[in-house]
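Below you'll find the structure, written out as C-alpha cells, and then a few comments.
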There are 2 protein chains.
Amino acid sequence: MMTIGALAERAGTSIKTIRYYDEVGVLAPAQRSDSGYRLYDEGALGQLRFVRAAQAVGLSLGEIRQVMALRRQGEAPCRFVLELVERRADELDERIAALGRVRDELRRLAARGRLLDARDCDPDFVCHVVVPAGTAREERRHG
Amino acid sequence: MMTIGALAERAGTSIKTIRYYDEVGVLAPAQRSDSGYRLYDEGALGQLRFVRAAQAVGLSLGEIRQVMALRRQGEAPCRFVLELVERRADELDERIAALGRVRDELRRLAARGRLLDARDCDPDFVCHVVVPAGTAREERRHG
DNA sequence: CTAAACCCTCCCCTCGACTGGAGAGTCAAG
DNA sequence: CTTGACTCTCCAGTCGAGGGGAGGGTTTAG
C-alpha cells in the first residue's frame, strides 16, 4: 500500500488530481489509514493509467467514471467502452467537418480581405473583412 | 434612439447579452436616458452584426473588443482583422489535424477492440480496448 | 390610478477538470 | 523533542459567454 503522494509520483500525476478523482467517483473511495490517510494498492496505478489513456482519446471523466463503475461491479466494460470509442470517433468526424467549414470560410474572408482597401470600410459595420458590404439584414434568433 | 430591448429585438440577440457586451467593452458605454436607461442608435445594430459574424468564424469577444476599440479610435481595423482571420485559419488547421489524429487513434482502437474478447480483459487495467495489454509503464509528467 | 411591461444593478450559476491555499493533524529522522 | 515533509478537509478561483432571478425604479396604455 502506498500513500497518495507515492501513487501520484508513480502515476505521473498530481495529488490534487487523485483527490479530485476520488471525489467525483472516477476512483473508488480509497482505503484509509488510522489517521485518515488514503492508501492505494497497485490496482490504483492501473486505473490511473486507464484514465490517462481514455482522456488522451477524448473521453470525459464522466464517461470514464461509468466505465470504472462497471469494472467495480465485476463486469467487463469492454463493450461499453467500444461503443464510447466508436461514438466519439463519429462525433469527432462531425466536429472536424464543422471546423473545416469554418476554416474554409476564414480562408475565403482572408483571400477577399487582402484585396480590400481599408479606406472603403464603412465604420458603421466595423470591418468589411468580416462583414462584407451589403450583408445587412434583420436577424431573428431570439424572437 | 432605441432602448436595449428594441435593439436586442432588431439584432436578434438578448438584453442580457447586450448588457454583457457593454460590461466587457465590446460595445462602447451606451448613452443613458435621464432615468438611466441605455439608449442606442443604428450604429449599435451594425456593431452587433459584426460581433455575430466575427463569433461565427471563431473570433473571441476579447479579440472582437480589440477590433471595436480600434474602430472607436477612428482607425480602420481591417489590417488587424485580416491578421486575426489568417491566424485563426492557421490555428484551425492545427486543431483539425490534431483532432484527426485522435479520431484515427479511436478508429484503430475500435477496429482492434472489435476483435477482442471481454473475457481476456485484465481487470487491473480496467479495459483493454483503451489500454492494450502490455502497455504498462511508469509515467513521468509531474516529476 | 393602476397594472403591465420595461429597465436598472448586483450577485450567483453553468460546464470540465482541475489548481491554489488556509488551517490543522500525522509521521519519520535526527 | 523538534523540524520538516506529508496528509487531511474545505473554500475559492480559473476560462468563456452569457443565463437566472431578486429587488427596485420607470414608462405607457387603458
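So you know, we letter chains A, B, ... as the sequences are listed, proteins then strands, and number each from 1.
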Quiz item: Among residues 27-39 of chain B, which contact DNA chain D at a heavy-atom distance under 4.0 Å?
Solution: B:Ser35, B:Tyr37
Quiz item: Do you know the tightest heavy-atom contact between A:Val126 and B:Arg71?
Solution: O-NE, 3.0 Å
Quiz item: Counting distance only, does the side-chain N/O of A:Arg112 pair as donor-acceptor with the main-chain N or O of A:Val129 below 3.5 Å?
Solution: yes
Self-check item: Rounded distance (Å) that lies between atom C1' of C:dC6 and atom CD of B:Glu9
Solution: 13 Å
Self-check item: Length of the line joining A:Ile18:CD1 and D:dC8:P, which is rounded to integer Å
Solution: 10 Å
Atom pairs and distances, donor-acceptor, side-chain atoms in residues 72-81 of chain B, under 3.5 Å, two or more places apart:
| from | atom 1 | to | atom 2 | distance (Å) |
| --- | --- | --- | --- | --- |
| B:Arg72 | NH2 | B:Gly25 | O | 3.1 |
| B:Arg72 | NH2 | B:Val26 | O | 3.0 |

Quiz item: Do you know which two heavy atoms are closest between B:Leu39 and B:Ala30, and how far apart they sit?
Solution: O-CB, 4.1 Å
Quiz item: Who are the side chain to side chain contact (heavy atoms under 4.5 Å, CB included) partners of A:Ala110, not counting sequence neighbours?
Solution: A:Arg114, B:Leu82, B:Val85, B:Glu86
Practice problem: Find the distance B:Arg19:CZ to D:dG21:P and express it as a whole number of Å. | Solution: 14 Å
Self-check item: A:Tyr21 and A:Leu48: CA distance, side-chain angles, deciding distance, side-chain contact (heavy atoms from CB on, under 4.5 Å) verdict
Solution: CA-CA 9 Å; A:Tyr21 291 170; A:Leu48 284 176; 3.7 Å; yes
Self-check item: Test side chain to side chain donor-acceptor pair (under 3.5 Å) applied to A:Arg38 - qualifying residues, sequence neighbours left out
Solution: A:Asp22
Practice problem: Kindly write out the residues that satisfy side chain to side chain donor-acceptor pair (under 3.5 Å) with B:Glu105, not counting sequence neighbours, or none if the list is empty. | Solution: B:Arg108
Self-check item: Atom-to-atom span, OH of B:Tyr20 to C1' of D:dG20 - whole angstrom
Solution: 16 Å
Exercise. With axes from five pairs an end, tell me the bend angle of the helix from C:dC1-D:dG30 to C:dG30-D:dC1, nearest 10°.
Key: 30°
Quiz item: Which residue lies toward the 5' end of DNA chain D, B:Ser60 or B:Lys16, if each is placed at its nearest nucleotide?
Solution: B:Ser60
Practice problem: Please report, rounded to the nearest Å, how far the C1' atom of C:dC18 is from the CZ atom of A:Arg65. | Solution: 16 Å
Quiz item: What integer distance in Å separates B:Glu23:CD from D:dG19:C1'?
Solution: 13 Å
Quiz item: Rounded to whole angstrom units, what separation is found between the CD1 atom of B:Ile4 and the P atom of C:dC6?
Solution: 13 Å
Quiz item: Considering residues at least two apart in sequence or located in another chain, which fulfil the side chain to side chain donor-acceptor pair (under 3.5 Å) criterion with B:Glu42?
Solution: B:Arg10
Exercise. Check each residue of residues 85-92 of chain B for a non-hydrogen atom within less than 4.0 Å of any atom in DNA chain D, then write out the ones that pass by number, or none.
Key: none
Practice problem: Using heavy atoms to find the nearest nucleotide of DNA chain D for A:Thr3 and B:Tyr21 separately, return the residue whose nucleotide is more 5′. | Solution: A:Thr3
Exercise. Could you check how far CD of A:Gln55 sits from P of C:dA17, rounded to whole Å?
Key: 7 Å
Can you give me the N/O atom pairs linking the protein to nucleotides 28-30 of chain D at distances under 3.5 Å, or say none if there are none?
none

Quiz item: Restricting to pairs with a member in residues 95-104 of chain A, which pass side chain to side chain donor-acceptor pair (under 3.5 Å), not counting sequence neighbours?
Solution: A:Arg103-B:Asp93
Quiz item: How would you list, by chain and number, every residue that makes a salt bridge (charged side-chain N to carboxylate O under 4.0 Å, His left out) with B:Arg119, sequence neighbours excluded?
Solution: B:Asp117
Quiz item: Of all heavy-atom pairs between A:Gly36 and A:Arg32, which one has the smallest distance, and what is that distance?
Solution: O-NH1, 2.9 Å
Quiz item: Any donor and acceptor pair, going by atom type alone, linking the side chain of B:Arg52 with main-chain N or O of B:Ala11 inside 3.5 Å?
Solution: yes
Exercise. Would you tell me if any nitrogen or oxygen in the side chain of A:Thr17 comes within less than 4.0 Å of OP1 or OP2 on C:dT19?
Key: yes
Quiz prompt | salt bridge (charged side-chain N to carboxylate O under 4.0 Å, His left out) partners for A:Glu91, two or more places apart | solution = A:Arg88
